[in-house]
Amino acid sequence: MFYHNTVLLVKRLIEVKRNLFLKNSVANKNPYSIFTNWYKTAAQVCNADSMYLTTVSKTCMPSCKVTTCLRFSRNGFIFLVTSSSQACMDLKDNCHAAMTFNWPRNRVVRIEGSTKLSEDNEFYIPKLSYSGKILAACGKFQKSFKNRQSLLKCLNNIKDKFSQNSNIPCNISVFILKPSRIEFYQSKSELQERVQFNKDTEVDNKFVYEAEDGWSYSILSP
């Protein structure tokens, strides 16, 4: 009886996997549209703007930090970093970077591409909250602290000096990442789905299929 049930389960999983990896299982061929749908779903239950930014220095040392995605569109993903941070120094030496969004419902989006400094710093920085501006200004006055008390003292001094309507000198750089690869991961019961979109990749209609706007896609092994 146990053997019979096991065989049925294996057959069912094989059939599900066979259907999962058919070409027509990727109904939406636009990675930005998929990202937008997933983002809206995640935003209902969490801070969907939070992301992991991975950079590599000119000596090939990787670095990863949590930051905020300010905006996204077909033109790219706009994010901010502290101007004195390791991430900012890395991006000035090596424009290639990756970002990862880890959302509820076992969904992960990985994005790789090249970055450049945004020309719209003055547009995005005023949109930060007052507390966000205070935190950003902290790095402009002092990069490291002896202890937590000295950090809090610095923050309080900035608050005393600048009101909510003041022009707070933020230590922030805004970058835009132009994707060349976007991967969507979703875990469903026994299976993990991975669909990868690549820009300007040759289509063979066997493992690489045509998508929209110059993208192609592949269904990857879990």
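Note that the coordinates shown come from a computational prediction; the quantities given were computed from them, not determined experimentally.
Going from atom NE2 of His96 over to atom OG of Ser180 covers 8.5 Å, rounded to the nearest 0.5 Å. Atom CH2 of Trp215 is separated from atom OG1 of Thr201 by 9.0 Å, given to the nearest 0.5 angstrom. In this structure, CD1 on Ile182 lies 10.5 Å from CD on Gln196, to the nearest 0.5 angstrom. Atom OG in Ser216 sits 14.0 Å away from atom CZ in Phe207 (nearest 0.5 Å). For the atom pair OG1 of Thr115 and CE of Met99, the computed distance is 9.0 Å after rounding to the nearest 0.5 Å. From Ser131, atom OG reaches atom NZ of Lys159 across 7.5 Å, with rounding to the nearest 0.5 Å.
Using a distance-only test at 3.5 Å, with no hydrogens or angles considered, a donor-acceptor pair links the side chain of Asp204 to the main chain of Val208. In this structure, Thr67 contributes its side chain and Leu80 its backbone to a donor-acceptor pair below 3.5 Å. For Ser85 (side chain) and Cys88 (main-chain N/O), a donor-acceptor pair under 3.5 Å exists by modelled atom type. Formation of a donor-acceptor pair under 3.5 Å by the Ser73 side chain with backbone atoms of Asn75 is found in this model. Looking only at distances, no side-chain donor or acceptor of Thr68 sits under 3.5 Å from a matching main-chain atom of Leu70. Here the side chain of Arg110 pairs no donor or acceptor atom with the backbone of Phe184 at under 3.5 angstrom.
Under the 4.5 Å side-chain contact rule for hydrophobic residues, Ile111 and Tyr32 share a cluster. With hydrophobic clusters built from ILVMFWY side chains whose heavy atoms lie under 4.5 angstrom apart, Leu91 does not share a cluster with Met89. If you chain together hydrophobic residues whose side chains sit under 4.5 Å apart, Ile158 and Tyr130 fall into the same group.
Side-chain contact annotation: Ser33 with Asn28, donor-acceptor N/O pair under 3.5 Å present. For the residue pair Thr59 / Ser57, a side-chain donor-acceptor distance below 3.5 Å is found, with atom types taken as modelled.
Evaluation of the salt bridge (charged side-chain N to carboxylate O under 4.0 Å, His left out) rule for Arg105 yields no partner, not counting sequence neighbours. In this structure Asp93 satisfies the side chain to side chain contact (heavy atoms under 4.5 Å, CB included) test together with Lys58, sequence neighbours excluded. In this structure Arg107 satisfies the side chain to side chain donor-acceptor pair (under 3.5 Å) test together with Gln186, sequence neighbours excluded. Applying the ring pair (Phe, Tyr, Trp, His ring centres under 6.0 Å) rule to Trp103 yields the partners Phe35, Phe101; only residues at least two apart in sequence or on another chain are considered. In this structure, the salt bridge (charged side-chain N to carboxylate O under 4.0 Å, His left out) partners of Arg74, at least two apart in sequence or on a different chain, are Asp213.
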Side-chain donor/acceptor pairs under 3.5 Å, residues 43-56, sequence neighbours excluded:
{"unit_1": "Asn47", "atom_1": "OD1", "unit_2": "Asp49", "atom_2": "N", "d": "3.3"}
{"unit_1": "Asp49", "atom_1": "OD1", "unit_2": "Tyr39", "atom_2": "OH", "d": "2.6"}
{"unit_1": "Thr55", "atom_1": "OG1", "unit_2": "Asp90", "atom_2": "OD2", "d": "2.8"}

